[in-house]
Protein chains: 2
Amino acid sequence: MSPADQPPPRAEVRRPTLNAVAALAGVGRGTVSRVINGSPKVSAPTRAAVEQAIAELGYIPNPAARSLASRRTDTVAVVVPEGEARLFSEPYFSEIIRGVSAELAIAGMQLLLVLVPDEKEYARLATYLSAHRVDGVLMLSVHGGDTLPDRLHELAVPTVLAGRRGPGEPLGHVRADNSGGARSAVEHLLAKGRRTIGTITGPLDMDAARARLDGYREALEHVGMTVDEDLIAYGDFREEGGRAAMRQLLRRRPGLDAVFAASDVMASGAVLELRTSGRRVPDDVAVVGFDDSIVARHIDPPLTSVRQPLEEMGRTMASLLLHEIAHRGGDHREVVLPTRLVVRESA
Amino acid sequence: MSPADQPPPRAEVRRPTLNAVAALAGVGRGTVSRVINGSPKVSAPTRAAVEQAIAELGYIPNPAARSLASRRTDTVAVVVPEGEARLFSEPYFSEIIRGVSAELAIAGMQLLLVLVPDEKEYARLATYLSAHRVDGVLMLSVHGGDTLPDRLHELAVPTVLAGRRGPGEPLGHVRADNSGGARSAVEHLLAKGRRTIGTITGPLDMDAARARLDGYREALEHVGMTVDEDLIAYGDFREEGGRAAMRQLLRRRPGLDAVFAASDVMASGAVLELRTSGRRVPDDVAVVGFDDSIVARHIDPPLTSVRQPLEEMGRTMASLLLHEIAHRGGDHREVVLPTRLVVRESA
DNA sequence: AGGTTCCGTGGGACCGCTCCCACGCGGCAT
DNA sequence: ATGCCGCGTGGGAGCGGTCCCACGGAACCT
């Protein structure tokens, strides 16, 4: 049997340990540990010697050992319900994650991505996440009925949500100013002289959808108009839902001259339906969406839309979480970030 | 000072350990470990007793301790160069990651997401990843010049790439049949009676871009046409690049009647330019894209495009990687997955 | 009957780090 | 001089698993 037939040698490249560094630097393990963790209680010359030894050996601390001893993991889980992932404007997740990643990197923390294919997984997940696996959890896209956040809360796992489940959300969270954004969209339509403005909502078990509807109402009431309930159609954040809602609106109020859709995807469905019905956008009916997603730029005509500062939301979520991790038991904070209306050709 | 003013008690919920389970089940630690790891060398009654104890205590193994002792981490890193992330059709990353996640979940492995903001980070990253942090690495979107894969290879870190850097890629990888997909696109145009077919390429330092150009050539040569180099314009996978390339093609060959763009984003730029030049799509010029991304469905007219099986690519990458982890030193494998032409209205 | 073999099991020795206690020593007050 | 304080420092004791060796007893052999 030739050597080549042997099972592969355990490639196990044995990396230098804390001990090796200590020996080379001529100090104790404790001292090396202090240097690595930036403790101030190390004299300058000792620190220099240790750093020299670290560089020489190319030493990198073993995260598992560190985690075992310190009961920290330096890792944060980002939980994304997979069912939603398709619905949302695609940039939603990727941009938030970009922001999260950037902020975590600064703090030297790792990002564990957990896609949850199924609500049934939620129960197992909570226990799992609490088992010294991560220092905290970031949840994207929470529904009103989600129980995972509460379980994490009970298990004392620091948690920050993207968006809230409803007013009075007990957990820390970051959200866009949904009602303000919706309001600015409708005000824009009013400023353009539109008077019969419909809206297509998202699923109302999501706070963001409710808030956008509130913003629509506020804008109209603010100028003394009464809200015509027939101008409100309920969608589901999907294109087909937007289309159906638009059809409904046209049947109920054929003379409407503008629509505010609570998402770009629904807006694009609405545009298709308007075209089918022989109406021109924006000449006959102006359309404003929400999210400023890719489709907004690419449909015809390009969509005026409300942009959320997604990357900043991610960054803020991460920093709130890091704060909760550092100050366990502190009160939860909520941050609302402003939106911006991006005007294009549809309104 | 009331208790409420005290610093919060270290919430440290002390979870049960292996020892606790062993004590409750009346067995040794070794036996519990065997049960957890599914070793066959445990008698049925003992196993039952241990499982009972585990359930009773709600025991979950501490991953850090396990990792420290076993030198495994049960974690895989997915490395995504952030610069590219915007360029690509958005579903690209999210769908591949979905596939990766699904496959890893089955194997009980975690997904560590690493966004690399900058090529300069690469050097540090390699050392970092090799420091007992992950069992393997998945790299998305590799360029011809990327050195990270080689470094990982040297450091004996199992690695699988999405796409290859070029022919003869030494590392394991999964890619779509780019040339075949391009070929089917051009054959579709030929079948529609188009005869003067231009192409807009991606950056040729990427193998996928080269392969798509090759497919274009093959399709034409296959029917005995000679390739007119003036019908080839070089883009960069961006919309603006596609637009500029289209402008160039129109200047050089005003009579062309079809274009195959190596990405949907470039195709959308091309469509805009065609419209600007007063041409109708597909009546005057037919357009086919690549990726079947969101924009393909939403631009006007909806784009005929080549779809890659992204989720399956992700799944396959994960399973190749798991194989490499289990059989270190084995030879690297490459898998090519078929593409599918999705016909819409643009061609 | 005695000797092997094999199976299931217990437990010691780590894995590589952090935490914390104890110790030596120079500087300062007494 | 004597005592005390406090800063730097060394190193023991875990953290919670895995791995592997050794051991007892049942089953099989000669």
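In the text below, chain A, chain B and the rest are named by the order of the sequence lines, each starting its count at 1. Not measured: the values here are computed from a predicted model.
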Return the value, rounded to whole Å, for the distance between atom CZ of A:Arg15 and atom P of C:dG16. 12 Å
Centroid separation under 6.0 Å, is that true for the rings of B:His153 and B:His332? yes
Hey, does the side-chain of A:Arg29 have a donor or acceptor N/O within less than 3.5 Å of a partner on the base of D:dG12? yes
Please tell me which of the listed nucleotides, D:dG17, C:dG11, D:dG8, lies nearest to the side chain of B:Arg34? C:dG11
To the nearest angstrom, the CG-P distance between A:Asn37 and C:dT18 comes to 5 Å
Between B:Asn37 (side chain only) and B:Ser33 (backbone N and O only), is there a donor and an acceptor less than 3.5 Å apart? yes
Have a look at B:Pro63 and say if it touches a base, only the backbone sugar-phosphate, or nothing, with a 4.0 Å heavy-atom cut-off. nothing
Please state how far atom CG in A:Leu68 lies from atom P in C:dG16, giving the value in whole angstrom units. 12 Å
hbond_proxy B:Arg47 side chain to C:dG8 base (donor-acceptor, 3.5 Å cutoff): no
For B:His132 and C:dG16, what is the distance between atoms NE2 and C1' respectively, to the nearest whole Å? 10 Å
Establish, with yes or no, whether the OP1 or OP2 oxygen of D:dG16 is under 4.0 angstrom from a side-chain nitrogen or oxygen of B:Asn19. no
Can you find an N or O donor on one side and an acceptor on the other, under 3.5 Å apart, linking the side chain of A:Arg71 with the base of C:dT18? no
Whole angstroms only, please: what is the CG-P distance between A:Leu18 and D:dA13? 18 Å
Let's see if you can work this out: which of D:dT18, D:dG17, D:dG11 has an atom nearest to the side-chain heavy atoms of B:Ser70? D:dT18
Which residue lies toward the 5' end of DNA chain C, B:Thr31 or B:Ala65, if each is placed at its nearest nucleotide? B:Thr31
Whole-Å distance, B:Arg72 CZ to C:dG16 P, equals 15 Å
OP1 or OP2 of D:dC15 less than 4.0 angstrom from a side-chain nitrogen or oxygen of B:Asn62, does that happen here? no
Check whether B:Thr316 reaches the backbone of B:Glu312 with its side chain - one donor and one acceptor, N or O, closer than 3.5 Å. yes
Rounded to whole angstrom units, what separation is found between the NZ atom of A:Lys41 and the P atom of C:dC25? 19 Å
Phosphate OP1/OP2 of D:dT18: any B:Ser33 side-chain N/O under 4.0 Å: yes
Cationic N near anionic O, under 4.0 Å, B:Arg165 to B:Asp150: yes
Can you tell me which nucleotide in C:dG16, C:dG10, D:dG17 comes closest to the side chain of B:Val27? C:dG10
Do B:Asp135 side-chain atoms and B:Asp74 backbone N/O form a donor-acceptor pair below 3.5 Å? yes
If you compare every side-chain N and O of A:Ser43 against the phosphate oxygens of D:dT9 (OP1, OP2), does one of them come in below 4.0 Å? yes
